[in-house]
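All heavy atoms count here, side chains included; hydrogens, waters and symmetry mates do not. Start at 1 and go down the list; that is how both ligands and their atoms are numbered.
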Amino acid sequence: MSVLVTGGAGYIGSHMVWRLLDAGEEVTVIDCLSTGHDWAVPPEANLVVADIGDQESVQPVLKERGVDAVIHFAGSIIVPESVSDPLGYYLNNTVKSRALLEACVNCGVKHFIFSSTAAVYGTPERAPVSEDADLHPESPYGNSKLMTELMLRDASAAHGFSYAVLRYFNVAGADSKGRAGQSTRNATHLIKVATQAALGKRDGMEVYGQDYPTPDGTCIRDYIHVSDLVEAHYLALEHLRAGGGNLVANCGYGQGYSVLEVIDAVKKVSGVDFAVREADRRPGDPATIVADPAKIKAQLGWTPRHDDLSEIVRDALDWERSLERRNTQQ
Ligand SMILES: NC(=O)c1ccc[n+]([C@@H]2O[C@H](COP(=O)([O-])OP(=O)(O)OC[C@H]3O[C@@H](n4cnc5c(N)ncnc54)[C@H](O)[C@@H]3O)[C@@H](O)[C@H]2O)c1
Ligand SMILES: O=c1ccn([C@@H]2O[C@H](COP(=O)(O)OP(=O)(O)O[C@H]3O[C@H](CO)[C@@H](O)[C@H](O)[C@H]3O)[C@@H](O)[C@H]2O)c(=O)[nH]1
C-alpha cells in the first residue's frame with residue numbers, strides 16, 4: 001500500500017508527508033511547485049513535479065506506485081485572491097480536482113481524502129457550526145471547494161471508492177520538531193503575517209475591518225495547529241482503510257479568537273510591540289466562523305494535543321526564525 005499526497009511540497013501537505021513517513025508508509029508527492037518548495041519534501045518521499053490536472057503524468061504514478069489512497073491538498077488557497085480571479089480558482093480547485101478524481105477512478109484508487117474548508121459554510125447561523133449546517137460559501141474559493149465535495153460524493157456513489165472530506169478551519173503553527181512550517185512566498189495568513197511583523201521581516205501589519213458584528217469589531221476564526229490537523233488525516237486514512245465508510249468532518253477546536261486577540265498573542269509570545277494599522281474590510285471575509293468538532297472526535301477518536309494559541313504562535317515564530325537562518329545561508 002502506498003499513499004499519494006498532492007500538494008505535498010506545500011505547508012500542510014509537507015507536514016502530512018512527515019506524519020506518513022513516521023508511520024512507515026510509502027509516500028509519493030505530486031506538486032507543481034507553484035507555491036510549494038522541493039526542499040520541503042523529505043528525501044524519503046518520492047517527489048514528482050507535475051500538475052494534478054495532467055492525467056498523463058498522474059496515472060502512471062498511481063499505477064506504478066500501487067497507490068491505494070490519495071490525500072489531496074494541491075490547490076489555490078487565498079480567499080480574497082479568489083474574488084479577483086474566480087476562473088483561476090475554479091480551474092485549479094474544481095476542474096483539476098475533477099481530472100485527478102477521474103485518474104483515481106481509472107486506476108482503481110480505493111480511498112480519497114480531500115482538503116475542504118470552513119469557507120463552505122459562509123457566515124453560519126450558529127457558532128460553533130456543525131457539518132449539517134446550510135452551505136452558503138461567500139467566496140469563489142469556498143464555491144470551488146464545495147463543488148469538489150459534491151463531485152466526490154457522486155463519484156464515490158458511482159464508482160465505489162471511499163472518501164473523507166475534512167473541512168479545515170484556520171490552520172497555523174509548525175512541526176514542533178522544526179521539520180516543516182509555512183514557507184509560502186508572500187503569505188497572507190494572519191498568524192504568518194503577524195510573526196513576520198514581530199521578527200521585523202515586514203513593517204508592521206494591517207487589520208482588515210474593525211466594524212464586524214463581533215465583541216471587538218474584528219473577525220473571529222478557529223485556529224488549529226497543523227500537527228493536530230494532519231493527525232486527523234492519519235486517523236481518517238485508518239478509518240477508510242478499515243472500511244469505516246465515507247466521512248465529512250470539521251477540523252477545528254471549537255474556540256474562536258478575534259484578529260486583535262491573535263495579534264496580542266503574537267506580541268506577548270515574541271515580546272515585540274510591532275505597528276498595527278486599521279485597514280478596510282477584505283472581500284470574501286465572513287465575520288465569525290468557529291468549528292463544532294464533536295463529529296470528528298466521536299467518529300475518529302481525534303483528540304487535539306496542541307489546542308493552545310500560545311503554542312501555535314510559538315511554533316510559528318520558531319519556524320519563521322528557522323526560515324531566516326535558511327535564507328541567510330543561501
Ligand atoms: N492553510 C489553511 O488555513 C487552509 C484552510 C482550509 C483549507 N486549506 C486547504 O488545504 C490545502 C493545502 O493548503 P496549504 O495551506 O498547505 O497551501 P500551500 O499553498 O502551502 O500548498 C498547496 C500546494 O499545492 C501545490 N499546487 C497548487 N496547485 C497545484 C496543481 N494544479 N498541481 C500540483 N500542485 C499544485 C502548490 O505548489 C503547493 O505546494 C489547500 O487545498 C487549501 O485549500 C488550507
Ligand atoms: O494581514 C492580515 C491577515 C489577515 N487578517 C484577517 O485575519 C482573519 C483570518 O485571515 P487569514 O489568515 O487570511 O485566513 P482566512 O481568510 O480566514 O482563510 C484561511 O482559512 C480558511 C478556513 O477558515 C481557509 O479555507 C483558507 O484557505 C485560509 O486561507 C481574516 O479576518 C482577515 O481579514 C488581517 O486582519 N490582517
Side-chain angles (χ1 to χ4, degrees), residues 5-16 29-38 40-41 47-54 57-58 71-82 88-89 91-93 95-97 99-100 114-121 137 139 141-142 144-145 148 166-172 180-185 187-194 196-197 202 204-210 212 214 218-224 226 229-230 233 250-252 257-260 262-263 276-291:
V5 179
T6 75
Y11 169 45
I12 305 170
S14 58
H15 287 81
M16 188 75 239
V29 168
I30 291 187
D31 198 301
C32 68
L33 304 180
S34 56
T35 58
H37 303 272
D38 52 4
V41 179
L47 169 63
V48 178
V49 178
D51 196 291
I52 51 149
D54 174 11
S57 299
V58 173
I71 310 185
H72 176 34
F73 294 98
S76 303
I77 70 160
I78 302 171
V79 174
E81 190 178 69
S82 78
Y89 270 67
L91 174 62
N92 208 37
N93 289 352
V95 176
K96 290 186 180 179
S97 289
L100 173 70
F114 173 56
S115 299
S116 190
T117 167
V120 298
Y121 296 113
S139 61
Y141 169 73
S144 72
K145 291 284 184 174
T148 303
L166 298 182
R167 293 179 180 156
Y168 317 162
F169 285 62
N170 288 54
V171 189
Q182 245 272 24
S183 315
T184 320
R185 290 166 287 260
T188 56
H189 290 122
L190 176 63
I191 291 184
K192 173 90 176 172
V193 168
Q196 289 182 329
R202 57 169 84 213
M205 63 174 292
E206 276 69 44
V207 173
Y208 300 125
Q210 302 218 23
Y212 284 96
T214 61
T218 65
C219 290
I220 293 177
R221 297 284 183 276
D222 185 340
Y223 294 87
I224 175 173
V226 63
L229 179 72
V230 300
H233 289 69
N250 287 339
C251 293
Y257 292 97
S258 73
V259 173
L260 292 179
V262 170
I263 293 173
V276 176
R277 296 171 288 270
E278 266 188 57
D280 289 345
R281 285 184 180 201
R282 223 175 49 170
D285 276 348
T288 299
I289 175 110
V290 175

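- Of the possible polar contacts, one joining the D51 side chain to the G53 backbone as a donor-acceptor pair under 3.5 Å is found.
- Within the model, atoms OG of S34 and CZ of R185 stand 8.5 Å from one another, a figure rounded to the nearest 0.5 Å.
- Contacts between N92 and ligand 1 below 4.0 angstrom, taking non-hydrogen atoms only, involve the side chain exclusively.
- With ligand atoms numbered from 1 in the order given, ligand 1 contributes 36 (C), 37 (O), 38 (C), 39 (O) to contacts under 4.0 Å with heavy atoms of G36.
- Interatomic distance, CG of L190 versus OH of Y257, reported as 13.5 Å (0.5 Å rounding).
- Between atom 7 (C) of ligand 1 and the options F169, Y223, Y168, the minimum heavy-atom separation is to Y168.
- From the protein, the heavy atom lying nearest to atom 3 (C) of ligand 2 is T188 O, 3.4 Å.
- Put simply, OG on S116 and CG on L166 are 9.0 Å apart, with the number rounded to the nearest 0.5 Å.
- Between atom 27 (O) of ligand 2 and the options F169, Y168, Y223, Y141, the minimum heavy-atom separation is to Y141.
- Contact analysis puts A50 in contact with ligand 1, with a non-hydrogen atom separation below 4.0 angstrom.
- Listed by atom number, the atoms of ligand 2 under 4.0 Å from V207 heavy atoms are 35 (O).
- For ligand 1, the atoms sitting less than 4.0 Å from at least one non-hydrogen atom of L33 are 37 (O), numbered in the order shown with element in parentheses.
- The distance from ligand 1 to the heavy atoms of S34 drops below 4.0 Å at these ligand atoms: 26 (N), 27 (C), 28 (N), 36 (C), 37 (O).
- Of the possible donor and acceptor atoms, none in the side chain of K145 sits under 3.5 Å from a partner among the backbone N and O of A119.
- Of the protein's heavy atoms, E206 O, 2.8 Å lies nearest to atom 36 (N) of ligand 2.
- One distance of note links CG of L229 with SG of C251; it measures 5.0 Å at 0.5 Å rounding.
- A donor-acceptor pair is defined here as one N or O able to donate and one able to accept, closer than 3.5 Å; such a pair exists between the side chain of T6 and the backbone of F73.
- What sits closest to atom 26 (C) of ligand 2 on the protein, heavy atoms only, is I77 O, 3.6 Å.
- The protein non-hydrogen atom at the shortest distance from atom 32 (N) of ligand 1 is I52 N, 3.0 Å.
- Near G10, meaning under 4.0 Å from any of its heavy atoms, are these atoms of ligand 1: 20 (O), 21 (O), 38 (C), 39 (O).
- The nearest heavy-atom contact from the protein to atom 29 (C) of ligand 1 is C32 SG, 3.5 Å.
- Of the listed residues (L33, I30, V41), just one forms a side-chain contact (heavy atoms from CB on, under 4.5 Å) with V49, and that residue is L33.
- Among the candidates T35, L91, N93, the single residue satisfying the side-chain contact (heavy atoms from CB on, under 4.5 Å) test with S76 is N93.
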* When you look at Y121 and N250, which way does the side-chain contact (heavy atoms from CB on, under 4.5 Å) test go after all the steps? -> CA-CA 11 Å; Y121 296 113; N250 287 339; 2.7 Å; yes

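- When R221, R282, H189 are checked for heavy-atom proximity to atom 10 (O) of ligand 2, R282 turns out nearest.
- Residue S116 touches ligand 1 through its backbone alone, judged by heavy-atom distances below 4.0 Å.
- Nearest to atom 14 (O) of ligand 2 by heavy-atom distance, out of T117, N170, I78, is N170.
- Annotation: atom 16 (O) of ligand 1 to nearest protein heavy atom, I12 N, 2.8 Å.
- The nearest protein atom to atom 36 (C) of ligand 1, hydrogens excluded, is given as T35 OG1, 3.2 Å; this is a heavy-atom distance.
- Panel note: side chain N170, backbone R221; no donor-acceptor pair is recorded below 3.5 Å.
- The heavy atom nearest to atom 35 (O) of ligand 2, out of those in Y212, Y257, Y121, Y208, is found in Y208.
- Those atoms of ligand 1 that come under 4.0 Å of a heavy atom in T184, given as number and element, are 20 (O).
- Note that the CD1 atom of I12 and the CD1 atom of I77 stand 7.0 Å from one another [nearest 0.5 Å].
- If you check which protein heavy atom lies closest to atom 12 (O) of ligand 2, you get L190 N, 2.8 Å.
- Considering backbone and side-chain atoms together, C219 places no N or O closer than 3.5 Å to any N or O of ligand 2.
- If you check which protein heavy atom lies closest to atom 3 (O) of ligand 1, you get V171 N, 3.1 Å.
- For atom 41 (O) of ligand 1, the nearest non-hydrogen atom from the set H72, M16, K145 comes from K145.
- Pairing each heavy atom of I191 with each of Y223, the nearest pair is CD1-CD2, 3.8 Å.
- Remark: the backbone N or O of A172 is paired with a side-chain donor or acceptor of Y11 at under 3.5 angstrom.
- Polar contact check, A74 against ligand 1: no nitrogen or oxygen pair lies under 3.5 Å apart.
- Evaluated by nearest non-hydrogen atom to atom 15 (O) of ligand 1, the leading choice among T117, I77, L190 is I77.
- Near D285, with a cut-off below 4.0 Å to any heavy atom, the atoms of ligand 2 are 16 (O), 30 (C), 31 (O), 32 (C), 33 (O).
- Using a 4.0 Å cut-off to heavy atoms of S115, the atoms of ligand 1 that qualify are 9 (C), 10 (O), 11 (C), 41 (O).
- Look at G53 and you'll find every heavy atom at least 4.0 Å from all atoms of ligand 1.
- Neither the backbone nor the side chain of V171 has a heavy atom within less than 4.0 Å of ligand 2.
- Taking distance alone, with nitrogen or oxygen atoms compared against 3.5 Å, I30 stays at or beyond that limit from ligand 1.
- Counting the atoms of ligand 1 from 1 in the order shown, those under 4.0 Å from a heavy atom of K96 are 31 (N).
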* Let me see the working for E206 and V193 under side-chain contact (heavy atoms from CB on, under 4.5 Å), right down to the final yes or no. => CA-CA 9 Å; E206 276 69 44; V193 168; over 6 Å; no

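- At the shortest separation from atom 37 (O) of ligand 1 among protein heavy atoms lies D31 OD1, 2.7 Å.
- Those atoms of ligand 2 that come under 4.0 Å of a heavy atom in V259, given as number and element, are 6 (C), 7 (O), 8 (C), 31 (O), 35 (O).
- Between the Y89 side chain and the I78 main chain, a donor and an acceptor come within less than 3.5 Å of each other.
- Nearest protein neighbour of atom 43 (O) of ligand 1, counting heavy atoms only, is Y141 OH, 2.7 Å.
- Annotation: Y168 is in aromatic contact with H233 [ring centroid separation under 6.0 Å].
- Polar contact check, N170 against ligand 1: no nitrogen or oxygen pair lies under 3.5 Å apart.
- In this structure, the separation between CG on L100 and CG on D54 is 11.5 Å, given to the nearest 0.5 Å.
- With hydrogens and angles disregarded, no donor-acceptor distance shorter than 3.5 Å links the side chain of H15 to the backbone of V230.
- If you check the side chains of Y141 and E81, you find no donor sitting under 3.5 Å from an acceptor.
- The protein atom (non-hydrogen) at minimum distance from atom 11 (C) of ligand 1 is F73 O, 3.1 Å.
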